[in-house]
Amino acid sequence: ALEKIVLEIYRKNNEPLNWSEVHLIIPNVNEVSLKRSITNLKTSGHLEKTKEKGISIYGRPAYKYKLI
């Protein structure tokens with residue numbers, strides 16, 4: 001369920017996003033669940049990790065992912 005929502009966010013934005021940027025779009029979701037969904041989407045071949053990093057809501061670098 002969450003993975004479908006996350007995948008739809010990547011489709012609509014059509015640009016690489018890190019977990020924190022996705023979290024800003026759906027803020028009422030648990031961060032750990034969100035990160036797990038992104039990892040699952042990467043493992044299942046929907047998302048690809050980029051070399052690009054963005055700053056997370058905690059001020060730390062976080063890798064961006066993009067649609068394959």
Side-chain angles (χ1 to χ4, degrees):
L2 181 56
E3 288 176 22
K4 286 183 180 180
I5 295 167
V6 172
L7 191 56
E8 195 56 38
I9 289 169
Y10 276 94
R11 284 191 178 126
K12 283 182 182 172
N13 282 280
N14 201 23
E15 65 180 355
L17 300 168
N18 64 27
W19 72 266
S20 191
E21 292 165 325
V22 175
H23 194 259
L24 289 173
I25 297 168
I26 46 171
N28 56 338
V29 172
N30 179 290
E31 290 176 21
V32 175
S33 298
L34 178 59
K35 290 176 184 179
R36 187 181 317 111
S37 291
I38 291 173
T39 299
N40 290 345
L41 287 166
K42 182 186 79 149
T43 304
S44 64
H46 290 92
L47 295 179
E48 175 179 75
K49 190 177 189 177
T50 68
K51 292 185 167 138
E52 186 182 351
K53 289 183 182 179
I55 302 300
S56 76
I57 53 178
Y58 300 114
R60 306 214 9 109
Y63 278 103
K64 293 190 174 205
Y65 292 80
K66 67 177 183 178
L67 280 173
I68 293 179

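It should be emphasised that the depicted structure is a prediction, and the values quoted were computed from it without experimental measurement.
Atom NZ of Lys42 is separated from atom CD of Glu48 by 10.5 Å, given to the nearest 0.5 angstrom. Separating the NE2 atom in His23 from the CD1 atom in Ile9 is a distance of 10.5 Å, to the nearest 0.5 Å. Expressed to the nearest 0.5 Å, how far CG of Asn13 lies from CD of Glu8 amounts to 10.0 Å. Atom CD of Glu31 and atom OG of Ser56 lie 8.5 Å apart (nearest 0.5 Å). The structure places NZ of Lys66 at 11.0 Å from CG of Leu47, a figure rounded to the nearest 0.5 Å. Atom CD of Glu3 and atom CD1 of Ile5 lie 10.5 Å apart (nearest 0.5 Å).
Using a 4.5 Å cut-off between side-chain heavy atoms of Ile, Leu, Val, Met, Phe, Trp and Tyr, with links allowed through other members, Leu2 and Leu24 fall into the same hydrophobic cluster. Residues Ile38 and Ile55 are members of separate hydrophobic clusters, defined by side-chain heavy-atom contacts under 4.5 angstrom among Ile, Leu, Val, Met, Phe, Trp and Tyr. Both Val22 and Tyr58 are members of a single hydrophobic cluster when ILVMFWY side chains are connected at heavy-atom separations under 4.5 Å.
Shown here for Tyr10 and Tyr65, the closest heavy-atom pair between the two residues is CE2-O, 3.0 Å. For the pair Ser37 and Val6, the tightest heavy-atom approach, listed with the atom from each and the gap, is CB-CG2, 4.2 Å. Heavy-atom minimum distance, Val29 versus Leu34: CG1-CB, 4.2 Å. The two residues Ser20 and Ile57 come nearest to each other via the heavy atoms OG-N, 2.8 Å.
With respect to the salt-bridge test (charged N to carboxylate O, under 4.0 angstrom), the residues Glu21 and Lys64 qualify.
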Take Asn18 and Lys53 through the side-chain contact (heavy atoms from CB on, under 4.5 Å) test and state the conclusion after the steps. CA-CA 7 Å; Asn18 64 27; Lys53 289 183 182 179; over 6 Å; no
